**Student:** 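First the structure, which I've put down as structure tokens, then a few questions once you've had a look.
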Amino acid sequence: MRIQIAAANWKMNLTLQQGEQLLNEVLSKSKQLKDYEQIIFAVPAPYLQAAVNLVKGKKNVFIAAQNIYQKKSGAYTGEISVEMLQSLGVTHTIIGHSERREYFHETNETLAKKIDIALEHNITPIFCCGEPLGIREAGTQNAFVAKQLVESIFHLSKNEISKIVIAYEPIWAIGTGKTATSEQAQEIQKYLRSQIVKHYDEKTADIVPILYGGSVKAANAKELFGQPDIDGGLVGGASLITDEFVSIIDALK
Ligand code: 13P
């Protein structure tokens with residue numbers, strides 16, 4: 001069984017106290033994880049250390065940053081390096097969230113550099129891809145998303161790409177309450193996996209978890225995660241509500 005992941009993306013929400021309470025409640029209410037199941041909390045940068053401390057010793061529970069800078073160190077005021085994350089015990093980072101692409105103008109080329117530096121420091125990238133509404137309406141979403149993969153991750157070696165997580169997040173479904181249907185999500189995620197086969201091989205494609213993100217909630221998680229090419233979810237809004245996120249964890253295959 002491929003790794004199955006329930007990942008929370010808190011985005012820029014919650015105070016430290018609210019975050020600690022939420023994380024503790026989710027962990028105390030959630031089921032015993034199977035070997036192939038993981039929970040990841042992508043928390044705001046100022047809370048990373050506190051979050052790492054709260055999950056210490058908890059099997060298959062990890063803390064992620066929401067972004068990193070593509071340089072090792074230097075005069076980049078306000079940015080966060082992978083070495084800083086490593087020194088805190090952070091193991092994962094989101095890279096290329098559509099909000100970073102849209103509001104902070106992150107390009108596929110910049111994201112390739114972020115992917116490289118994360119892997120060089122053993123930080124697992126959760127690489128986000130996904131198309132805007134206009135592209136979906138034009139029916140060209142497969143080519144659009146494949147280009148994101150080609151330009152940001154398909155330069156990696158077989159060994160390197162086996163270490164990353166992909167999150168397919170159609171932009172029109174993020175925070176809108178409009179979820180892709182399980183058929184729509186399965187169809188494109190199957191296509192993305194076929195692109196990994198094309199550039200690498202079947203065995204590699206079979207290792208890489210592909211998450212779905214975009215209005216995942218307790219009510220639709222089971223149906224989405226039941227699809228063969230959906231290996232869990234990257235969850236925004238519903239990850240801020242204890243019982244919602246606990247149900248989403250329960251819905252993992
Ligand atoms: P929502 O679950 O709020 O739609 O957000 C999805 C997302 O962007 C997760 O990274």
Side-chain angles (χ1 to χ4, degrees), residues 4-14 18-19 22-23 26 38-45 47-48 51 62-68 90-106 111 114-115 118 123-133 135-136 141 144-145 148-149 152-153 164-182 184-185 188-189 192 209-225 227 230-252:
Q4 304 290 306
I5 301 171
N9 178 7
W10 289 358
K11 307 191 180 183
M12 198 178 75
N13 291 297
L14 307 173
Q18 290 167 335
L22 173 64
L23 202 154
V26 168
Q38 298 182 350
I39 305 174
I40 301 174
F41 294 93
V43 308
Y47 311 160
L48 284 166
F62 303 100
I63 299 303
Q66 296 177 6
N67 180 39
I68 51 164
V90 173
T91 50
H92 293 65
T93 183
I94 295 176
I95 291 180
H97 192 280
S98 61
E99 288 146 17
R100 302 276 337 158
R101 293 172 186 262
E102 183 180 350
Y103 306 135
F104 304 98
H105 314 296
E106 296 191 358
L111 299 176
K114 294 191 180 202
I115 293 277
I123 300 281
T124 302
I126 302 168
F127 175 72
C128 299
C129 56
E131 79 285 357
L133 184 60
I135 295 286
R136 172 62 65 163
Q141 64 274 9
F144 183 91
V145 181
Q148 292 180 321
L149 301 190
S152 298
I153 62 171
I164 80 165
V165 175
I166 295 174
Y168 167 67
E169 300 204 305
I171 298 169
W172 47 272
I174 296 178
T176 57
K178 213 171 161 189
T179 321
T181 63
S182 54
Q184 282 175 320
I188 190 161
Q189 297 199 187
L192 297 182
I210 307 181
L211 314 184
Y212 168 79
S215 299
V216 175
K217 43 186 183 274
N220 59 23
K222 191 109 206 147
E223 164 85 19
L224 286 161
F225 300 172
Q227 303 302 312
I230 302 184
D231 305 311
L234 180 55
V235 187
S239 77
L240 302 173
I241 304 162
T242 303
D243 291 344
E244 279 283 315
F245 194 54
V246 168
S247 298
I248 291 167
I249 295 166
D250 279 341
L252 289 173

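Quick caveat: nothing in here was measured; it's all calculated off a predicted structure. All ligand and atom numbering here is 1-based and tracks the order in the structure. Hydrogens, waters and symmetry mates are skipped; everything else that's a heavy atom, side chains included, is used.
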**Student:** Where is the tightest heavy-atom contact between Pro44 and Lys11, given as atom of each residue plus distance?
**Tutor:** CG-O, 3.5 Å

**Student:** Suppose I only count heavy atoms of Ser215 and a 4.0 Å limit; which atoms of ligand 1 are within that range?
**Tutor:** 1 (P), 2 (O), 4 (O)

**Student:** Using modelled atom types and a 3.5 Å cut-off, is there a donor and acceptor pairing between side-chain atoms of Ser215 and backbone atoms of Ala173?
**Tutor:** yes

**Student:** By number and element, which atoms of ligand 1 are closer than 4.0 Å to a non-hydrogen atom of Gly175?
**Tutor:** 1 (P), 3 (O), 4 (O)

**Student:** For the backbone of Thr181 and the side chain of Gln184, can you confirm whether one donor and one acceptor N or O come within less than 3.5 Å of each other?
**Tutor:** yes

**Student:** Name the closest protein heavy atom to atom 2 (O) of ligand 1, giving the residue it belongs to and the distance to 0.1 Å.
**Tutor:** Gly236 N, 2.9 Å

**Student:** Would you name the heavy atoms of Ala65 and Ala42 that are closest together and state the gap between them?
**Tutor:**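 So the two residues come closest at O-CB, 4.2 Å.
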
**Student:** Find out whether Pro170 and Tyr212 are in side-chain contact, i.e. whether some heavy atom of one side chain is under 4.5 Å from a heavy atom of the other.
**Tutor:**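 Side chain of Pro170 against side chain of Tyr212, heavy atoms only: contact under 4.5 Å found.
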
**Student:** Between Ile95 and Ile153, is there a side-chain heavy-atom distance shorter than 4.5 Å?
**Tutor:**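 Sidechains of Ile95 and Ile153: no contact.
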
**Student:** Select one of side chain, backbone, both or neither to describe which atoms of Ala238 lie under 4.0 Å from any atom of ligand 1, heavy atoms only.
**Tutor:**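 The answer is neither.
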
**Student:** Gly214 heavy atoms, cut-off 4.0 Å: which ligand 1 atoms fall inside?
**Tutor:** 4 (O), 6 (C)

**Student:** For ligand 1, find out whether one of its N or O atoms is nearer than 3.5 Å to an N or O atom of Thr176.
**Tutor:**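 There is no such contact.
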
**Student:** Under 3.5 Å between any N/O of Gly237 and any N/O of ligand 1: does that happen in this structure?
**Tutor:** yes

**Student:** Do Val235 and ligand 1 have an N or O pair less than 3.5 Å apart?
**Tutor:** no

**Student:** Does the N or O separation between Asn9 and ligand 1 drop below 3.5 Å for any pair?
**Tutor:**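 In this structure, Asn9 places an N or O atom under 3.5 Å from an N or O of ligand 1.
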
**Student:** Going by the order shown, which atoms of ligand 1 are within less than 4.0 Å of some heavy atom of Ala173?
**Tutor:**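 Matching atoms, with element in brackets: 4 (O).
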
**Student:** Note the single closest protein heavy atom to atom 5 (O) of ligand 1, along with its residue, its atom name and the distance in Å.
**Tutor:**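 Among all protein heavy atoms, the one nearest atom 5 (O) of ligand 1 is Lys11 NZ, 3.3 Å.
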
**Student:** Begin from the C-alpha positions of Glu131 and Arg136 and carry the test salt bridge (Lys or Arg N to Asp or Glu O under 4.0 Å) through to its verdict.
**Tutor:** CA-CA 7 Å; Glu131 79 285 357; Arg136 172 62 65 163; 2.9 Å; yes

**Student:** Looking at Glu169, which atoms of ligand 1 are within less than 4.0 Å of one of its heavy atoms?
**Tutor:** 6 (C), 7 (C), 8 (O), 9 (C), 10 (O)

**Student:** Anything under 30° is parallel, anything over 60° is perpendicular, the rest tilted; go ahead and classify Phe41 against Trp10.
**Tutor:**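 If you compare the ring of Phe41 with that of Trp10, the planes turn out perpendicular.
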
